[in-house]
Protein chains: 2
Amino acid sequence: MSNNLDFVAKLRNSGLRPTKQRIKICEILFGGKETFHFSINDLSKIIAQKTNEKISLATIYNTVHAFLGKGYLKQIAVNSEQSYYDTNVSDHHHFYDVDKDQLIDIHDSEVEPVKINRKIPGKKIKSIEVLVKLQNI
Amino acid sequence: MSNNLDFVAKLRNSGLRPTKQRIKICEILFGGKETFHFSINDLSKIIAQKTNEKISLATIYNTVHAFLGKGYLKQIAVNSEQSYYDTNVSDHHHFYDVDKDQLIDIHDSEVEPVKINRKIPGKKIKSIEVLVKLQNI
DNA sequence: AATCAGATTATAACTATTCTAAAGTAATAA
DNA sequence: TTATTACTTTAGAATAGTTATAATCTGATT
């Protein structure tokens, strides 16, 4: 289980100043045992619940972008009006419940590895993302 | 090779009035032999090039939504700031060139079928989309 | 403690998309 | 045909998510 000193070290090691806003966001994103999926709007609401001092929306965006850049988060391709992020940065895929607008991890054991038998000249694969859209029966 | 009468019939059969704007958009989207990928912005530019009379942006959105609803187009999940659509509505996957902001079809013969060994109670699979992000070597 | 680069903030700006309501047009009935 | 009606187009306003700006603040270093 992580504590705040871990986050301070992690931030500092990445060249990011451990400000109280970033530490708070680390607690929320990386403090639990579960990985989770969120939009900026989700994160913003959670911060509002768990914190007395407000964190400005600009800072939330800045921080999420910084963490993305450092590889602590990854963005998930969903065609919703908002962007979604995942604290689980390992290669894995997702269910997307279109009715509940909610993402669920698919573990590697639950899907065969995707193999692409084609190469595009001058390009290399950056990532392979599978999105399985779910709807109510 | 399709001609305008085909589009008129197609629209009429779908319960959509064959207006000249819709016919023009059909020509652009479905008139060539190749399927293609576009954003509203792309389509808007192509219409501007190929047409003397302008089609309003609202109509372009309306028409794309109508065609989506009728299953003549499908939306592709890419996390870009704009939505992408595909005239190829069969099950297939995509490369996304992040540097050129461009989509490329992956034919079924080029990828093993994706199998998901998990079910979510009360939900059924609506679609499975694989997005292979490409970057410059 | 003073300094300074980097961070936070409120707010403005921007972009994609949706909404609105007025004017136009295709289909239908007379 | 013409009249009527329902659907469509349109310009522009409104909205939502995100990014930019510039002033203030704060953590790290001297």
Side-chain angles (χ1 to χ4, degrees), chain A residues 4-5 7-28 37-48 51-70 72-73 75-85 101, chain B residues 4-5 7-28 37-48 51-70 72-73 75-85 101:
Chain A
N4 287 8
L5 286 181
F7 296 138
V8 170
K10 175 175 183 164
L11 287 165
R12 201 170 268 134
N13 290 338
S14 328
L16 298 171
R17 281 193 189 163
T19 65
K20 62 177 189 294
Q21 292 86 347
R22 285 173 176 166
I23 294 166
K24 171 56 79 178
I25 292 174
C26 277
E27 287 173 29
I28 291 169
H37 307 103
F38 63 96
S39 65
I40 296 290
N41 186 42
D42 296 334
L43 180 55
S44 177
K45 282 184 190 164
I46 294 169
I47 291 170
T51 312
N52 294 325
E53 302 167 63
K54 284 177 186 158
I55 299 180
S56 118
L57 192 55
T59 299
I60 299 175
Y61 274 102
N62 287 343
T63 302
V64 167
H65 288 159
F67 289 179
L68 261 185
K70 295 300 178 183
Y72 301 146
L73 291 175
Q75 200 170 2
I76 304 170
V78 183
N79 46 3
S80 160
E81 61 278 353
Q82 34 186 358
S83 294
Y84 281 86
Y85 304 92
D101 194 37
Chain B
N4 287 7
L5 287 181
F7 298 139
V8 170
K10 175 174 183 165
L11 287 165
R12 202 169 267 134
N13 291 338
S14 328
L16 297 171
R17 281 191 189 165
T19 65
K20 63 176 189 293
Q21 292 86 346
R22 286 173 177 166
I23 293 167
K24 173 55 83 178
I25 292 174
C26 276
E27 287 174 29
I28 291 170
H37 307 103
F38 63 96
S39 65
I40 296 291
N41 186 41
D42 296 333
L43 180 54
S44 177
K45 281 184 189 163
I46 293 170
I47 291 171
T51 310
N52 294 324
E53 302 166 63
K54 282 177 187 157
I55 298 180
S56 118
L57 193 55
T59 298
I60 300 174
Y61 274 102
N62 287 344
T63 302
V64 167
H65 288 159
F67 288 179
L68 261 185
K70 296 298 177 184
Y72 301 147
L73 291 175
Q75 200 170 2
I76 305 170
V78 183
N79 45 4
S80 158
E81 62 279 352
Q82 34 185 359
S83 294
Y84 282 86
Y85 303 91
D101 194 35

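Everything numeric here is computed off the predicted structure, so don't read it as measured data.
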How many angstroms lie between CG in A:Asn79 and OG in B:Ser80, if you round to the nearest 0.5 Å?
->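 Reported to 0.5 Å precision, the distance equals 11.5 Å.
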
A:Ile46 CD1 to A:Ile25 CD1 distance, which is reported to the nearest 0.5 Å |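 Output value for this atom pair is 11.0 Å.
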
Under the 3.5 angstrom rule, does the side chain of [X] hit a backbone N or O of [Y] as a donor-acceptor pair?
{"X": "B:Thr51", "Y": "B:Glu53", "answer": "no"}
{"X": "A:Ser44", "Y": "A:Ile40", "answer": "no"}
{"X": "A:Arg22", "Y": "A:Arg17", "answer": "yes"}

So where does chain B start and stop touching DNA chain D, 5' to 3', when the test is distance under 4.0 Å to a non-hydrogen atom?
->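 Nucleotide range with atoms under 4.0 Å of chain B: D:dA6 to D:dA11.
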
Residue met sooner reading DNA chain C from 5', once B:Glu81 and B:Pro18 are mapped to nucleotides =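 On the 5' side of the pair lies B:Glu81.
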
Can you pull every protein N or O that's under 3.5 Å from an N or O on nucleotides 3-5 of chain C?
unit_1 : atom_1 : unit_2  : atom_2 : d
C:dA5  : N3     : A:Arg17 : NH2    : 3.2

Mind checking what makes side-chain hydrogen bond (donor to acceptor under 3.5 Å, both in side chains) contact with B:Gln82, not counting sequence neighbours?
->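 Counting only residues at least two positions away or on another chain, B:Gln82 forms a side-chain hydrogen bond (donor to acceptor under 3.5 Å, both in side chains) with B:Ser39.
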
Heavy-atom contacts under 4.0 Å between residues 21-28 of chain B and DNA chain D, which residues?
->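 Close to the strand are B:Gln21, B:Arg22.
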
Pairing residues for [X] by the side chain to side chain contact (heavy atoms under 4.5 Å, CB included) criterion, not counting sequence neighbours:
{"X": "A:Ser83", "result": "A:Gln75, A:Tyr85"}
{"X": "A:Ile23", "result": "A:Asn4, A:Val8, A:Leu11, A:Pro18, A:Glu27"}
{"X": "B:Gln21", "result": "B:Thr19, B:Ile55, B:Thr59"}
{"X": "A:Lys70", "result": "A:Ser14, A:Leu16, A:Tyr72"}

Using only side-chain N and O atoms of A:Thr19, determine if any of them is under 4.0 Å from OP1 or OP2 of C:dT8.
->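 So the side chain of A:Thr19 is within the cut-off, an N or O lying under 4.0 Å from OP1 or OP2 of C:dT8.
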
Roughly how many Å is it from NZ in B:Lys20 to P in C:dT25, rounded to a whole number?
->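 B:Lys20 atom NZ is separated from C:dT25 atom P by 6 Å.
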
What pairs with A:Tyr84 under ring pair (Phe, Tyr, Trp, His ring centres under 6.0 Å), at least two apart in sequence or on another chain?
->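 Checked A:Tyr84 against ring pair (Phe, Tyr, Trp, His ring centres under 6.0 Å); zero matches.
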
Can you list the residues that meet the salt bridge (Lys or Arg N to Asp or Glu O under 4.0 Å) rule with B:Lys10, with sequence neighbours excluded?
->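 Residues passing salt bridge (Lys or Arg N to Asp or Glu O under 4.0 Å) with B:Lys10: none at all.
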
Counting any heavy atom closer than 4.0 Å, what does A:Ser39 reach on the DNA or RNA strands: base, sugar-phosphate only, or nothing?
->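 Nothing: the residue A:Ser39, judged by heavy atoms under 4.0 Å, touches no strand.
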
Scan residues 53-65 of chain A against DNA chain C and write down, sorted by residue number, each residue with any heavy atom closer than 4.0 Å; if none is found, say none.
->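 A:Lys54, A:Ile55, A:Ser56, A:Ala58, A:Thr59, A:Asn62, in order of number.
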
Over all atoms of both residues, closest heavy-atom pair of A:Leu43 and A:Ile60 |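 What the structure gives for the nearest pair is CD2-CG2, 3.7 Å.
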
